[in-house]
Amino acid sequence: MKSKGCWFSMGPAYRRSQKIEGAKITEGSKLGFITLGGNVPSTRFRFFAFQQPLAERGHRCRMWTSYPSVYDSFPKFGWRISQAIKRTTRELQMLDARWFRPDTIYLERGCMHDDRVRMDERIRRLTPRLVLDVDDAIFLTFPEKIRHLISISDHIVVSNRPLRDWVQQYRAPEDITEIPTCVGLSRYSVRAYTDDKAQPPVLGWIGTTSNLGFLSVCAEALRRLAREVPFTLLVVAPTDAPLRSIDLSGVTIRFEPWSAETEIELLHQMDIGLMPLPDDQEWMQFKAATKLVQYMAIGIPAVASPIGV
């Protein structure tokens with residue numbers, strides 16, 4: 001495959017000429033996307049959001065999404081059976097890929113959330129061009145696997161400059177494209193304000209259950225603020241379990257379960273968005289700051305820890 005004077009080695013499955021420049025794709029391409037899960041933020045913002053625009057530009061797209069997500073399991077079946085279901089789902093997706101014959105496959109971090117690469121290598125053989133998407137510090141969890149995936153991919157997409165700097169240890173700058181995590185402004189309309197000053201302001205936090213514990217970083221500040229100014233803390237997450245271990249005494253808390261259908265409506269109920277992060281964890285230096293993007297997209301101020309991006 002030729003790209004601005006550079007040649008890339010194609011996978012053995014089949015060979016088809018296609019001009020590529022960086023992470024760009026030609027019109028009418030067949031694209032496959034191997035993603036982490038339907039409700040995983042990186043999948044929703046970095047893959048699902050682009051499916052329709054790509055289709056409108058004449059590309060044929062296939063989304064191959066882990067079920068359940070690579071991080072989850074079915075409570076009824078337990079972890080082992082859930083893992084078997086995920087692997088079976090991936091096997092069926094690879095059969096579909098053999099029939100679809102994609103020009104390019106975009107791999108989100110890896111097929112499974114473990115250190116094995118055998119399935120990823122099989123994906124490599126199903127396409128002439130493999131693009132690896134890295135939007136988090138997954139290499140801190142699976143260092144050997146991610147380095148191997150970087151080596152067998154034709155191009156690497158990262159979500160921010162710290163990730164680009166890390167990947168450049170192993171690949172040339174021209175093999176890397178930085179695409180920040182973003183949101184579509186057709187959905188994220190600017191929040192409308194009213195003149196009603198009777199209601200206390202709403203400080204908001206939205207995110208995954210695993211990140212909800214980070215509110216402990218600003219818990220003391222919230223407790224102090226609650227003694228001085230009335231406000232409501234709106235928390236939007238799949239579950240509120242981590243809140244039970246955070247001392248938010250004196251703070252008026254309103255919890256709302258997250259759903260894709262209601263998240264923008266709930267964002268519009270926030271006056272200020274929060275994104276606290278611990279400063280003693282290396283992972284935080286590479287986070288994509290998606291919360292900040294969501295807050296700013298609807299036009300509300302945001303308060304965040306000065307870490308990473």
Side-chain angles (χ1 to χ4, degrees), residues 35-49 65-75 79 82 86 108-110 112-114 133-142 159-160 163 180-184 187-188 203-219 222 233-246 248 253-270 273-298 300 302-305 307-309:
T35 65
L36 302 180
N39 287 333
V40 176
S42 57
T43 297
R44 294 172 51 237
F45 292 113
R46 298 184 64 78
F47 291 89
F48 288 175
T65 301
S66 176
Y67 181 76
S69 89
V70 295
Y71 308 115
D72 297 330
S73 62
F74 293 114
W79 185 84
S82 295
K86 292 178 199 178
E108 185 181 10
R109 303 186 197 173
M112 302 289 289
H113 189 61
D114 57 29
D133 188 90
V134 181
D135 83 307
D136 229 333
I138 191 67
F139 46 82
L140 296 177
T141 305
F142 307 117
S159 65
N160 56 55
L163 288 171
T181 302
C182 55
V183 299
R187 291 186 65 236
Y188 281 76
L203 276 61
W205 185 96
I206 188 171
T208 62
T209 302
S210 59
N211 289 339
L212 182 50
F214 295 155
L215 275 174
S216 61
V217 172
C218 63
L222 292 172
L233 176 63
L234 172 58
V235 176
V236 183
T239 70
D240 63 349
L243 281 177
R244 298 165 198 161
S245 61
I246 303 174
L248 290 169
I253 301 173
R254 174 186 159 206
F255 174 78
E256 294 286 350
W258 176 90
S259 76
E261 293 73 28
T262 62
E263 70 172 346
I264 296 179
E265 174 189 343
L266 292 170
L267 281 166
H268 277 227
Q269 297 176 27
M270 301 177 184
L274 304 177
M275 186 177 171
L277 294 175
D279 60 5
D280 59 350
Q281 298 180 27
E282 187 179 5
W283 187 287
M284 302 306 137
Q285 303 294 331
F286 301 95
K287 286 186 69 64
T290 305
K291 291 178 187 57
L292 291 182
V293 176
Q294 290 180 285
Y295 299 148
M296 292 188 290
I298 65 167
I300 65 172
V303 181
S305 300
I307 294 171
V309 299

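Between Met270 and Leu203, the closest side-chain pair of non-hydrogen atoms is not below 4.5 Å. Residues Asn211 and Lys291 are in side-chain contact: their nearest non-hydrogen atoms beyond the backbone lie under 4.5 Å apart. In this structure, Asp279 and Met284 have side chains that are not in contact, with every pair of non-hydrogen atoms separated by 4.5 Å or more. Side-chain atoms of Leu243 and Leu215, non-hydrogen and from C-beta on, do get closer than 4.5 Å to each other. Between Leu233 and Arg254, every side-chain heavy-atom pair lies at or beyond the 4.5 Å cut-off. Looking only at side-chain heavy atoms (C-beta outward), Leu234 and Trp205 stay at 4.5 Å or farther from each other. Under the 4.5 Å side-chain criterion, counting only non-hydrogen atoms from C-beta, Ser159 is not in contact with Pro180. Contact of the Met275 side chain with the Phe214 side chain is not registered, since no non-hydrogen atoms from C-beta on lie closer than 4.5 Å.
Remark: the Ser66 side chain and the Ser69 side chain contain no N/O donor-acceptor pair separated by less than 3.5 Å. Checked by atom type, the side-chain pair Asp136/Trp283 shows a donor-acceptor distance below 3.5 Å. The closest side-chain donor-acceptor pair between Thr35 and Thr65 falls under 3.5 angstrom.
Contact between Leu36 and Gly110 at its shortest, heavy atoms only, is CD2-O, 3.9 Å. Smallest separation of non-hydrogen atoms from Ser245 and Pro242: OG-O, 3.0 Å. When all heavy atoms of Gly273 and Ile300 are compared, the closest pair comes out as N-CD1, 3.7 Å. Closest approach of Ser305 and Val217 over heavy atoms only: OG-CG1, 4.4 Å. Residues Ala219 and Ile246 approach most closely at CB-CG2, 3.9 Å, considering heavy atoms.
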Q) When you look at Glu282 and Leu140, which way does the side-chain contact (heavy atoms from CB on, under 4.5 Å) test go after all the steps? A) CA-CA 8 Å; Glu282 187 179 5; Leu140 296 177; 3.7 Å; yes

**Study point:** Residues Leu277, Lys287; criterion side-chain contact (heavy atoms from CB on, under 4.5 Å); working and verdict
**Key:** CA-CA 10 Å; Leu277 294 175; Lys287 286 186 69 64; 3.9 Å; yes

Checklist entry - Does the pair Phe45 and Asp135 meet the rule for a side-chain contact (heavy atoms from CB on, under 4.5 Å), with working shown? => result CA-CA 11 Å; Phe45 292 113; Asp135 83 307; over 6 Å; no

| message | The test is side-chain contact (heavy atoms from CB on, under 4.5 Å); show your working for Arg109 and Phe142 and say whether it passes. | response | CA-CA 10 Å; Arg109 303 186 197 173; Phe142 307 117; over 6 Å; no

Problem set entry | Chi angles and distances behind the side chain to side chain donor-acceptor pair (under 3.5 Å) call for Glu108, Ser42 | CA-CA 9 Å; Glu108 185 181 10; Ser42 57; 2.5 Å; yes

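Evaluated for a side-chain contact (heavy atoms from CB on, under 4.5 Å) with Trp258, the options Thr209, Thr208, Asn39 yield exactly one hit, Asn39. Of the residues Leu274, Leu212, Leu248, Leu266, the one that meets the side-chain contact (heavy atoms from CB on, under 4.5 Å) test with Val235 is Leu212.
Of the inter-residue distances, the one linking Asp240 atom CG with Phe255 atom CZ reads 4.5 Å to the nearest 0.5 angstrom. With rounding to the nearest 0.5 Å, the separation of CD1 in Ile307 from CD in Gln285 is 6.5 Å. Note that OH of Tyr67 and OG of Ser82 are 10.0 Å apart. Values are rounded to the nearest 0.5 Å. Note that CD1 of Ile206 is 5.0 Å distant from CD of Glu263, once rounded to the nearest 0.5 Å. Once rounded to the nearest 0.5 Å, the distance linking CZ of Phe48 with OG1 of Thr43 reads 6.0 Å. Expressed to the nearest 0.5 Å, how far CG of Leu163 lies from CZ of Phe139 amounts to 5.5 Å.
Between the side chain of Lys86 and the backbone N or O of Val70, at least one donor-acceptor pair lies under 3.5 Å. Using a distance-only test at 3.5 Å, with no hydrogens or angles considered, no donor-acceptor pair links the side chain of Thr262 to the main chain of Glu265.
Not less than 6.0 angstrom separates the ring centroid of Tyr188 from the ring centroid of Tyr295.
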